[in-house]
Amino acid sequence: MTELWRLTATDLAARIRRREASAREATAAALARLDAVNPRINAVIAHDPAAALAAADAVDAALGRGEDPGSLAGVPVTVKVNADQEGWPTTNGLRLQEGLVATQDSPVVANLRRAGAVILGRTNTPAFSLRWFTRNSLHGATRNPRDPALTPGGSSGGAAAATAAGVGAIGHGTDIGGSIRYPAYACGIHGLRPTLGRIPAWNASAADRFIGGQLMAVSGPLARSIADLRLGLAAMSAADARDPWWTPAPLEGPAYPKRAALCIAPEGMPVDPAIVRALHDAAARLVAAGWQVEEVDALPPLGECARLQATLWLAEMRRGGNTAIAREADPDALAVYGFMERLSPAPDLDAFQDALQRRLTLLREWLLFLERYPVALMPVSGALPFPDHADVESFEGFQRVIAAQLPQVGLPVLSLPGLAVSTGLAGTAPVGVQLVAGRYREDILLAAAEAIEAGGTPPSPIDPA
């Protein structure tokens, strides 16, 4: 019999509903897996086995009474440590917030619980969730379970590493500049950045964000199968009035032409040959599934969007975030924030307003493009997963990293959804592709991703290297 921790969320929930396995058995198996592998990867930085087993027992009791425990009945999941979870500190990787204990669940955590998920533990993030690498002075470094010499990605590096290693079937992550998509890519799993307003999110433990963070930051699922992303999205996206951005958009939109635009090197950026091969292979899988794929030389602007993203995000960081970074004195955060400031001068009020105005123009260009091509197929990154902590070695190294990440950074300012699809390995390095669609068309992304996944084998949990 297959060990329960190896199962996808979709399979596991079905077995628990049929009473072929209990939620307690599934949770006990996941906790044992956590104990076995987490010391090597440091993905989960806090957990309470007794509370997890009690939540599992509640699912089993509901099933015993003939009640519906939810779509994620008994499925073990993890929650990123920058989201409020009642009774736990929302550290965001900071010593400054070690005592910031949440008094209520954030909407996304509440939605997971209502769907019957069992929260296994809290996953690591870099200080301030600021990097595509995962290390901080409070919780330490997370390691990539496929190759410890490579970054596990960030900022949802703990979520990706845990999910890849079989510590939970679905990981909660957040994304403001690639923080779901890149860790999924780096760890060889799948990750969905949904449209702004699709999944409600809010931390009562902190003040509301400024407009840059409001427009760009979202929560979303990471998983080992596309079906699990679909399941996780549906569970996480239930209504919650605490998030004014939440939008009651249907999970399935109107019919669309199965047409995709393939762009190998957006804006002429260098792309590793292994990624080029993965893109062509993904396009071929789409064609085999009945899609029409047209290779295009150019997409609507990404570089300009990335510059606007930095302008709006750093405007937020410059209003108190810089003081907190100095107080925390995390070496990585100090280095990265300093590099970012060098690349993006502080705007005056006119420049800030110009950035918001230009955002609308660029979003219009993208929406018109996505009417013609409902899916854009492009790299997640121009490079294979970086050597761990390559961004803090030098300013020049940081510039190389951020240049390769253009396909991720260019999208959040537009609030568009994106999906990183794992397609295999290049040596020990995971490789994958990115899909982009119009607002609230995660259904198109998932359909295209399923066609790509069907041409290969969905990633299985791995034993850490």
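Below, all heavy atoms of this structure are taken into account, side chains as well, without hydrogens, waters or symmetry copies.
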Subject >> Within-4.5 Å side-chain heavy-atom neighbours: D175 and P412 >> reply: yes

Subject >> side chain to side chain contact (heavy atoms under 4.5 Å, CB included) assessment of L12 paired with W5 >> reply: CA-CA 9 Å; L12 184 58; W5 61 265; over 6 Å; no

**OP:** Kindly say whether P379 contributes a backbone atom to a donor-acceptor pair with the side chain of Q434 at under 3.5 angstrom?
**Re:** yes

Subject >> SB check E453 R224 (cutoff 4.0 Å) >> reply: no

**OP:** Kindly give the heavy-atom pair with the smallest separation between V392 and R131, and that separation in Å.
**Re:** CG1-NH2, 3.9 Å

Subject >> R277 bridged to D272 by N-O distance under 4.0 Å >> reply: no

Original post:
Salt bridge between R441 and D443, side-chain N to carboxylate O under 4.0 Å?
Top reply: yes

Subject >> Any donor-acceptor N/O pair, W88 side chain to A83 backbone, under 3.5 Å >> reply: no

Original post:
Do the non-hydrogen side-chain atoms of L302 and L411 ever get within less than 4.5 Å of each other?
Top reply: yes

Original post:
With side chains defined as the heavy atoms from C-beta onward, is the minimum distance between Y337 and N322 less than 4.5 Å?
Top reply: yes

**OP:** Run the salt-bridge test on R358 and E304 with the 4.0 Å N-O cut-off and return the result as yes or no.
**Re:** yes

Original post:
Is any side-chain heavy atom of V44 closer than 4.5 Å to a side-chain heavy atom of L120?
Top reply: no

Original post:
Do N38 side-chain atoms and A43 backbone N/O form a donor-acceptor pair below 3.5 Å?
Top reply: yes

**OP:** Could you tell me whether a side-chain N or O of E365 sits under 3.5 Å from a main-chain N or O of P301, the two making a donor and an acceptor?
**Re:** no

**OP:** Give the minimum heavy-atom separation between I226 and A449, together with the two atoms involved.
**Re:** CD1-CB, 3.7 Å

Subject >> Among T134, T91, T142, the one residue meeting side chain to side chain donor-acceptor pair (under 3.5 Å) with N124 >> reply: T142

Original post:
So, do V118 and V75 sit near enough that their side-chain heavy atoms are less than 4.5 Å apart?
Top reply: no

Original post:
Is any side-chain heavy atom of F133 closer than 4.5 Å to a side-chain heavy atom of V336?
Top reply: no

**OP:** Examine distances only and state if a side-chain atom of H172 and a backbone atom of K80 form a donor-acceptor pair shorter than 3.5 Å.
**Re:** yes

**OP:** Check the surroundings of atom CZ in R259: do more than 12 heavy atoms from other residues, nucleotides or ligands lie under 6.0 Å from it?
**Re:** yes

Original post:
Between Q408 and S381, does any side-chain donor sit less than 3.5 Å from a side-chain acceptor?
Top reply: no

Original post:
Between Y185 and Y182, does the ring centroid distance fall short of 6.0 Å?
Top reply: yes

Original post:
Going from CD1 on I264 to CG on L262, what distance comes out if it is rounded to the nearest 0.5 angstrom?
Top reply: 4.0 Å

**OP:** Indicate whether the side chain of S106 and that of N203 have a donor and an acceptor atom separated by less than 3.5 Å.
**Re:** no

Original post:
What is the minimum heavy-atom distance between A261 and Y373, and which atoms define it?
Top reply: CB-CG, 3.6 Å

**OP:** Go through the steps for L130 and W313 under the test side chain to side chain contact (heavy atoms under 4.5 Å, CB included), then give the verdict.
**Re:** CA-CA 11 Å; L130 190 60; W313 190 17; 3.9 Å; yes

**OP:** Indicate yes or no for a side-chain donor-acceptor contact from H190 to the backbone of A223 under 3.5 Å, with no hydrogens or angles considered.
**Re:** no

Original post:
With distance as the sole test, does S179 use its side chain to make a donor-acceptor pair with the main-chain N or O of S156 at under 3.5 Å?
Top reply: no

Original post:
Got a sec: does the CZ of R230 have more than 12 other heavy atoms crowding it under 6.0 Å?
Top reply: yes

Original post:
Without hydrogens or angle criteria, can the side chains of N82 and T174 be said to hold a donor-acceptor pair below 3.5 Å?
Top reply: yes

Subject >> side chain to side chain contact (heavy atoms under 4.5 Å, CB included) partner of P152, the single match among I41, D388, D147 >> reply: D388

**OP:** Take T151 and W132, measure what side chain to side chain contact (heavy atoms under 4.5 Å, CB included) needs, and give me the verdict at the end.
**Re:** CA-CA 8 Å; T151 177; W132 290 298; 5.7 Å; no

Original post:
Yes or no on side chain to side chain contact (heavy atoms under 4.5 Å, CB included) for I170 and T163, after CA distance, side-chain angles and deciding distance?
Top reply: CA-CA 6 Å; I170 295 174; T163 306; over 6 Å; no

Original post:
Are the side chain of R359 and the backbone of V413 linked by a donor-acceptor contact shorter than 3.5 Å?
Top reply: yes

Original post:
Is there a donor-acceptor contact under 3.5 Å from the side chain of T195 to the main chain of R439?
Top reply: no

Subject >> Contact summary for G153 and A186, nearest pair of heavy atoms >> reply: N-CB, 3.9 Å

Original post:
What are the two closest non-hydrogen atoms of P194 and I199, and how far apart are they?
Top reply: CG-CD1, 3.8 Å

Subject >> Under 3.5 Å donor-acceptor, N42 side chain and H139 backbone >> reply: yes

**OP:** State, yes or no, whether a side-chain contact exists between I211 and F352 at a heavy-atom distance under 4.5 Å.
**Re:** yes

**OP:** Measure the shortest side-chain to side-chain distance between P257 and Q292 over non-hydrogen atoms and say whether it is less than 4.5 angstrom.
**Re:** no

Original post:
Do you know which two heavy atoms are closest between H47 and D35, and how far apart they sit?
Top reply: NE2-OD1, 4.2 Å

